[in-house]
Amino acid sequence: MKASVIFSTYRQPEWLRKVLFGFAAQTRKDFEILVADDGSGEETAEAVRSARRNARLAIHHVWQRDDGFRKCRILNKAIARARGAYLIFTDGDCIPHPEFVARHLHFAEPGRFLSGGLLRLPLGLSHRIEADDIASGRAFTVGWLRAHGMPFTYKLLKINAGLRFGAALDGLSPATAGWNGHNASGWRKHLLEANGFDERMGYGGQDRELGERLENAGVRGKRIRHRVPCLHLDHPRGYVDADIRAANLAIRAETRRASRTLTEHGIAQLPPSQPG
């Protein structure tokens, strides 16, 4: 197994089905999927089983009981179970472009991780996209998106830039090539050396903290925002908490200050490091 695709989900079976339709429509088929489930119920489990039956995808449903927002923990469980040497990450609310897996593998480099992009859709359009729109690829055309309720925005360039123009836009972009939760990839070896995600962190910057540790270890990010897109389906975020965000920022600041390359609170629960 060359690649493993990992994404988290939590009680959004409608969105999950659309994401799985997107992976069923990939131009490359030599990958497995690990659905990192942070405590969903039977409807989510049935969505996974249905995709397994109908799309013949190699899907593993990695589940933990619902005990609050524990995305980092379930992602670490998925990393530990993954068989691919190369890991591609997205979210359970992001429909992948038909070339999503192929392009991540094409742009993969030794000693690098990839930072892709997304186009955020309004809620009405998120509900309107159907399986046929995804399978045919028309959901990734500007004309179809505009005709079905997508407001005009320069960010539509992420959909129709193509590889050559997209490379130019990525070269000009001021955006940091950081690890993100919706579209990023890297070598499993590097993620294990970093000990995965820091499980102390709740929502807000937990993905970027992993990228900062990778950078500290010399694994640099590479921007592919305009060449490897996905469509982000809108939804409410009831788990946003200002205190948790502040705690996350403090962890990130310490990661940068101490040039940390691994976390003691990751895939393997490590003893505290000794000062000096």
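Just so it is clear, the structure is predicted and the values come from calculations on it, not from any experiment.
- Residue Ile267 belongs to a hydrophobic cluster whose other members are Ile6, Leu34, Val62, Ile74, Leu75, Ile79, Leu87, Phe89, Phe113, Trp179, Leu191, Leu192, Phe197, Leu210, Leu214, Val219, with links defined by side-chain heavy atoms closer than 4.5 Å.
- The environment of NZ in Lys155 is sparse: at most 12 heavy-atom neighbours from other residues, nucleotides or ligands sit within 6.0 Å.
- Between Ala25 and Pro98, the shortest heavy-atom contact is O-CB, 4.0 Å.
- Relative ring orientation between Trp187 and Tyr86 is described as perpendicular, the plane-to-plane angle rising above 60° on a 0-90° scale split at 30° and 60°.
- To the nearest 0.5 Å, atoms CD1 (Ile224) and CZ (Arg112) are separated by 11.0 Å.
- Remark: Arg103 engages no residue in a salt bridge (charged side-chain N to carboxylate O under 4.0 Å, His left out) (not counting sequence neighbours).
- In this structure, the side chain of Asp38 does not engage the main chain of Phe69 through any donor-acceptor pair within 3.5 Å.
- Only one option out of Arg52, Arg53, Arg17 pairs with Glu46 in a salt bridge (Lys or Arg N to Asp or Glu O under 4.0 Å); it is Arg53.
- Side-chain atoms of Ser136 and Asp132 include no donor-acceptor pair closer than 3.5 Å.
- Across all their heavy atoms, Ala47 and Leu16 have their closest contact at CB-CD2, 4.0 Å.
- The shortest non-hydrogen separation linking Ser40 to Trp63 is O-NE1, 2.9 Å.
- You'll find the side chain of Arg227 stays beyond 4.5 Å of the side chain of Leu114, heavy atoms only.
- The line from CD of Glu14 to CD1 of Ile129 is 10.5 Å long, rounded to the nearest 0.5 Å.
- Checked by atom type, the side-chain pair Tyr10/Asp66 shows a donor-acceptor distance below 3.5 Å.
- A salt bridge is absent between Arg256 and Glu215; no separation between the charged side-chain nitrogens and carboxylate oxygens falls under 4.0 Å.
- Under the 4.5 Å side-chain heavy-atom criterion for Ile, Leu, Val, Met, Phe, Trp and Tyr, Leu233 and Leu156 are members of the same hydrophobic cluster.
- Residues Leu57 and Ile88 share a single hydrophobic cluster, defined by chaining ILVMFWY side chains whose heavy atoms lie under 4.5 Å apart.
- Under a 4.5 Å side-chain heavy-atom criterion applied to ILVMFWY residues, the cluster that includes Leu118 comprises that residue alone.
- Looking only at atom types and distance, the side chain of Asn183 has a donor-acceptor partner in the side chain of His104 under 3.5 Å away.
- The heavy-atom pair separating Thr90 from Phe23 by the smallest distance is CG2-CZ, 3.9 Å.
- Taking hydrophobic clusters as Ile, Leu, Val, Met, Phe, Trp and Tyr residues chained together by side-chain heavy-atom distances below 4.5 Å, Met201 does not share a cluster with Ile244.
- Between the CD atom in Glu199 and the CZ atom in Arg73 there is a gap of 6.0 Å [rounded to 0.5 Å].
- Between Arg225 and Asp170, no side-chain nitrogen of the basic residue sits less than 4.0 Å from a carboxylate oxygen of the acidic one, so the salt-bridge criterion is not met.
- A heavy-atom distance below 4.5 Å is found between the side chains of Thr9 and Thr44.
- Side-chain contact of Asn160 with Thr141: a donor-acceptor pair under 3.5 Å is absent, judged by distance alone.
- Remark: Asp198 engages Arg200 in a salt bridge (charged side-chain N to carboxylate O under 4.0 Å, His left out) (not counting sequence neighbours).
- Leu157 belongs to a hydrophobic cluster whose remaining members, ordered by chain and number, are Phe165, Leu169; membership requires side-chain heavy atoms of ILVMFWY residues under 4.5 Å apart, directly or through intermediates.
- Nearest heavy atom pair, residue Ile159 against residue Pro229, reads CD1-CB, 4.1 Å.
- Note: Ser173 OG to His226 NE2 = 6.0 Å, rounded to the nearest 0.5 Å.
- Using a 4.5 Å heavy-atom threshold, the side chains of Leu119 and Met150 count as touching.
- Listed for the Asn195 side chain is a donor-acceptor partner under 3.5 Å among the backbone atoms of Thr263.
- Side chains of Asp37 and Gln64: a donor-acceptor N/O pair is absent below 3.5 angstrom, by distance only.
- The salt bridge (charged side-chain N to carboxylate O under 4.0 Å, His left out) search around Glu193 returns Lys189, not counting sequence neighbours.
- Distance check, rounded to the nearest 0.5 Å: CZ of Arg128 to CG of Leu123 gives 9.5 Å.
- Arg83 places a side-chain heavy atom less than 4.5 Å from the side chain of His60.
- Contact annotation: the side chain of His232 approaches that of Asp93 to within less than 4.5 Å [non-hydrogen atoms, C-beta and beyond].
- Looking at Ser115 and Asn180, their side chains come closer than 4.5 Å, going by heavy atoms from C-beta outward.
- Shortest non-hydrogen contact noted between Ala51 and Ile59 is CB-CD1, 3.6 Å.
- Neither side chain, Glu212 nor Thr255, offers a donor N or O lying under 3.5 Å from an acceptor on the other.
- Between Lys18 and Asp133 there is no salt bridge, since no side-chain nitrogen of the basic residue lies less than 4.0 Å from a carboxylate oxygen of the acidic one.
- Separation of atoms CZ (Phe107) and OG (Ser185) is listed at 11.0 Å; rounding is to 0.5 Å.
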